[in-house]
Amino acid sequence: MSKGLTSRADDYSQWYNELVTKADLAEHSAVRGCMVIKPYGYSIWEKMQAALDKMFKDTGHSNAYFPLFIPKSFFSKEASHVEGFAKECAVVTHYRLKNDGNNNIVVDEDAKLEEELIVRPTSETIIWNTYRGWIESYRDLPLLINQWANVVRWEMRTRLFLRTAEFLWQEGHTAHATSQEAVEEAERMLEVYADFAQNWMAVPVVKGIKTPNERFAGALETYCIEAMMQDGKALQAGTSHFLGQNFAKAFDVKFTNKEGKLDHVWATSWGVSTRLMGALIMAHSDDAGLVLPPKLAPIQVVIVPIYKNAEEFKQIGDIADALIAELKAKGISVKYDDRDTQRPGFKFAEYELKGVPVRLAIGGRDLQNGTAEVARRDTKEKMSVSREGLADRLENLLDEIQQNIYNKALQYRDEHITAVDSYEDFKRVLDEKAGFVSAHWDGTAETEQRIKEETKATIRCIPLNNPKEDGACIVTGKPSAQRVLFARAY
RNA sequence: CGGGGUGUAGCGUAGCCCGGUAUCGCGCCACAUUUGGGAUGUGGAGGUCGUAGGUUCGAAUCCUGCCACCCCGACCA
C-alpha cells in the first residue's frame, strides 16, 4: 500500500479512483469496462443487499431468478424500451468455438444462433413474457417479485462502481390489478430506497419524479432518489417506475377482474445497483480515506495492540478477547489486528483508509490505567476511555457516528440547494458553487434540452410534495407553477 | 463512438527525440534493532519494457495493427 491519497481539492475524480483501489474496494479487470469487486468492497455490497432484501421481504416481495439472455425478438416488442437500450446491448450470436488449424481459437461460423440473444441490460421483457403464463385472474395479483442479478450495458465511458459495462443490482417487477395500486407500489418502493439511503447509507436524498426526457424507456412515470456528492454533483441513487400497461400490452399479459372482464395488468419496476457503492464513497469519505457508516461497515471496531514485549502482548490480548466477546454479544463486528509485521502507526493509517468507524488502541499505559484509546473515524477525535463499560460506550458511539455522518451530509446537501431566478445566476451558481439549483422551468423538453446543452446541467427531479409557486421560466420567461431541481450529475 | 494522453518489477517512475538487454523510490523476502500516528540498518529476490507484427546485425527506443486505462465530448443507472 502506498502512502497518501490525492486530496479532494486537488483532483476530486482522481481522489475517487485512488480511494476505490487503495481501500481495496474494486479494481479494473482485463475486460473493458468491467470491474473486479474485491472482498472488502463486496462485503459492503453484501451488507447493502442484506438490508435491502429484508426491506423487500417486509413489503411482501419474493425473490426469483430469470435468465441472463433475452431473445432479440422479445426486446423489440416495446418500442420505446428497445429504443432506449438498443445502443448499449451486448449480443450473443454464436454458441461454439473451434480450432482453426493454426492453434487459434476462433468462432465457429457453423454455430450461428438462429435467434440472437441479448445479454440483459434490464429484464422487463423476459419477465413480462414469463408473467403471461403466471397471471390469469385478479386472484393472482398483485405479483411482487424481485431478482438480484448482473446486467450489462455496453457503456463507452466507465468509472468504477459509478458506471461499468457489467454491474450488479436488484430489479423488482410487479403486476397489479389497477393503475392506482401500481402507482402506490412504485411510490412505496421509492420510500424503501429513501429509507435505506438515509438510515443505512447515511446519505440524504431528494425524492422526486423525472421529467419525460429523463424517464426510463417504457415507463409512464419514473420516480427517483437523488443524492449529492461532496463535489456538488448529483447522483441518481435509485429509481422506481410506473410502467402503466405498456409491458402488459406488449407481452399480452391479461387477467380477469372481479367483474369477469379481461384487462391488461398494471406494472412497476424498480432498482438500485452497485452504483450505490459510489454514492456511499463520495458522500462521506475524506482525504485520509473512506468513511463508512457503521451500519454498512464490514468491520465496525478494530483493536490495535501496542506492546513492547511478549508479556504486554499477552496481557493486551487477554483484554481484547474479553472485549471482543462483549462486542460480539451486542452484534458489533470487531477485528483484533494482532499482526506483528506492521507497526501501530501503519495500522492506524490503513484502517482510516478503509473507513473503519471506530479504532481502539490498547497499550502499556492502558494496562496501567485500565483504559483504552478510542478514535472515531468520522471526526478523527481520540479519547482515553475507561475499560469499565466500554462495550456499551462503543455501541452508543457507533450510533452517534451513524447520525453524525448523516447530519454532515445533510448539512452539506442543504447548503448546496440554491434557488435562482435568472439564467445568469443559474450558470453562475453551477460554476461557482455547484449542487442543486432550484429554478422555474416552462415544462418543455426543448428548454430542458437547451439548458443541458448550454450548461451540462439536467433536471434531476421534480421533488415530491413540491410547493406550488408561480414564477417565470429562467430561460424563456414563460409561466411556471413550481421550481424544479437542476444539477450536473454523475 | 470522436478528440487528446498514457502503458517499463506489486505500485509510482527514469531511459525513448538520437537503437546496443533497463534507472530510482516505495513495496516484497531474510536477519537484527524497534513498536502510543505510515520504523531503521544490512543483505537479497523480482522485468516476455501492454500486446501482435514489421524495419534492423541488434528494438523499451523507429513503423503499423490491436488491447487497456486516464482526461474532454456524445450516451447512460
Side-chain angles (χ1 to χ4, degrees), chain A residues 1-6 11-14 16-18 21-22 27-35 83-89 104 121-122 151-171 193 210 213-217 222 224-227 234-241 269-279 288-289 304-310 312-313 316 338-353 359-369 371-373 375 380 382 384 449 452-453 456 458 460 489-490:
Chain A
M1 184 176 359
S2 57
K3 229 172 166 176
L5 194 64
T6 298
D11 187 340
Y12 192 83
S13 108
Q14 196 181 338
Y16 175 82
N17 289 333
E18 285 182 14
T21 49
K22 289 187 177 182
E27 64 186 35
H28 291 284
S29 72
V31 184
R32 180 201 190 98
C34 295
M35 65 178 165
E83 196 183 324
F85 287 105
K87 281 177 286 185
E88 48 188 31
C89 284
N104 295 314
T122 180
V151 287
V152 168
R153 297 180 188 175
W154 212 260
E155 298 290 346
M156 293 309 164
R157 238 184 113 180
T158 60
R159 295 194 66 190
L160 292 171
F161 290 121
L162 296 174
R163 181 172 301 112
T164 45
E166 179 193 18
F167 56 93
L168 306 184
W169 78 346
Q170 58 70 215
E171 45 181 327
Y193 288 155
K210 288 290 189 189
N213 250 353
E214 300 277 330
R215 240 176 235 155
F216 176 74
T222 288
C224 63
I225 51 171
E226 292 285 329
L235 187 142
Q236 178 176 308
T239 51
S240 172
H241 315 288
S269 69
W270 28 275
V272 295
S273 70
T274 35
R275 181 179 236 208
L276 287 178
M277 293 286 293
V304 177
I306 301 166
Y307 53 94
K308 298 209 185 330
N309 51 54
E312 265 185 18
F313 182 55
I316 293 167
D338 60 354
R339 284 178 300 174
D340 190 29
T341 50
Q342 253 62 28
R343 300 171 89 247
F346 180 93
K347 294 178 183 174
F348 293 176
E350 183 178 12
Y351 292 113
E352 272 164 19
L353 181 61
R359 181 187 73 231
L360 229 54
I362 304 175
R365 285 207 300 272
D366 298 304
L367 290 178
Q368 301 293 317
N369 305 333
T371 54
E373 183 191 77
K380 300 269 200 71
K382 291 195 282 198
S384 186
Q449 192 59 29
K452 185 177 175 182
E453 277 162 19
K456 290 175 196 137
T458 49
R460 300 319 302 160
Y490 278 99

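Any value given below was found using the heavy atoms of this structure, including those in side chains, with hydrogens, waters and symmetry copies removed. So you know, we letter chains A, B, ... as the sequences are listed, proteins then strands, and number each from 1.
- Regarding A:His28, its NE2 atom lies at a distance of 9 Å from the C1' atom of B:rC70, rounded to whole Å.
- Between A:Asn17 and the phosphate of B:rC69, there is no side-chain N or O to OP1/OP2 separation shorter than 4.0 Å.
- Rounded to whole Å, the P atom of B:rG20 lies 47 Å from the corresponding atom of B:rU33.
- Minimum atom distance to the side chain of A:Glu352 is reached by B:rG37, of the listed B:rG37, B:rA77, B:rU35.
- Shown here is A:Trp154, whose CH2 atom has no more than 12 heavy atoms of other residues, nucleotides or ligands within 6.0 Å.
- Nearest nucleotide to the side chain of A:Pro344, out of B:rU35, B:rA74, B:rC75: B:rU35.
- The phosphate of B:rA39 has OP1 or OP2 within less than 4.0 Å of a side-chain N or O from A:Arg343.
- The side chain of A:Ser13 contributes an N or O atom lying less than 4.0 Å from OP1 or OP2 of B:rC71.
- Under a 4.0 Å N-O distance rule, the pair A:Lys210/A:Glu226 qualifies as a salt bridge.
- B:rU8 sits 10 Å from B:rG50 when the C1' atoms are compared, rounded to a whole Å.
- When distances are taken from the side chain of A:Arg163 to each of B:rA77, B:rG37, B:rU35, the shortest belongs to B:rA77.
- One cannot find a donor-acceptor pair under 3.5 Å joining the base of B:rG38 and the side-chain atoms of A:Gln342.
- Separation of the P atoms belonging to B:rG19 and B:rU56 is 16 Å when rounded to the nearest angstrom.
- For the P atom pair drawn from B:rU6 and B:rU40, the interatomic distance equals 34 Å after rounding to whole Å.
- Side chain of A:Arg157, nearest nucleotide from B:rG36, B:rG73, B:rC76: B:rG73.
- Smallest separation of non-hydrogen atoms from A:Phe348 and A:Ala361: CZ-CB, 4.1 Å.
- Side-chain N/O atoms of A:Arg159 include none lying less than 4.0 angstrom from OP1 or OP2 on B:rC70.
- A distance of 6.0 Å or more separates the ring centres of A:Tyr16 and A:Phe161.
- Here the nucleotide nearest the side chain of A:Ala349, chosen from B:rG38, B:rC69, B:rA77, is B:rG38.
- Nucleotides B:rG3 and B:rA59 place their C1' atoms 30 Å apart, quoted to the nearest Å.
- The base of B:rG73 has none of its N or O atoms less than 3.5 Å from a complementary donor or acceptor on the side chain of A:Lys456.
- Taking the side chain as every heavy atom from C-beta outward, A:Leu160 and A:Thr21 approach each other to under 4.5 Å.
- Comparing the P positions of B:rC16 and B:rC26 gives a spacing of 24 Å, expressed to the nearest Å.
- Comparing the P positions of B:rG58 and B:rU21 gives an interatomic distance of 15 Å, to the nearest angstrom.
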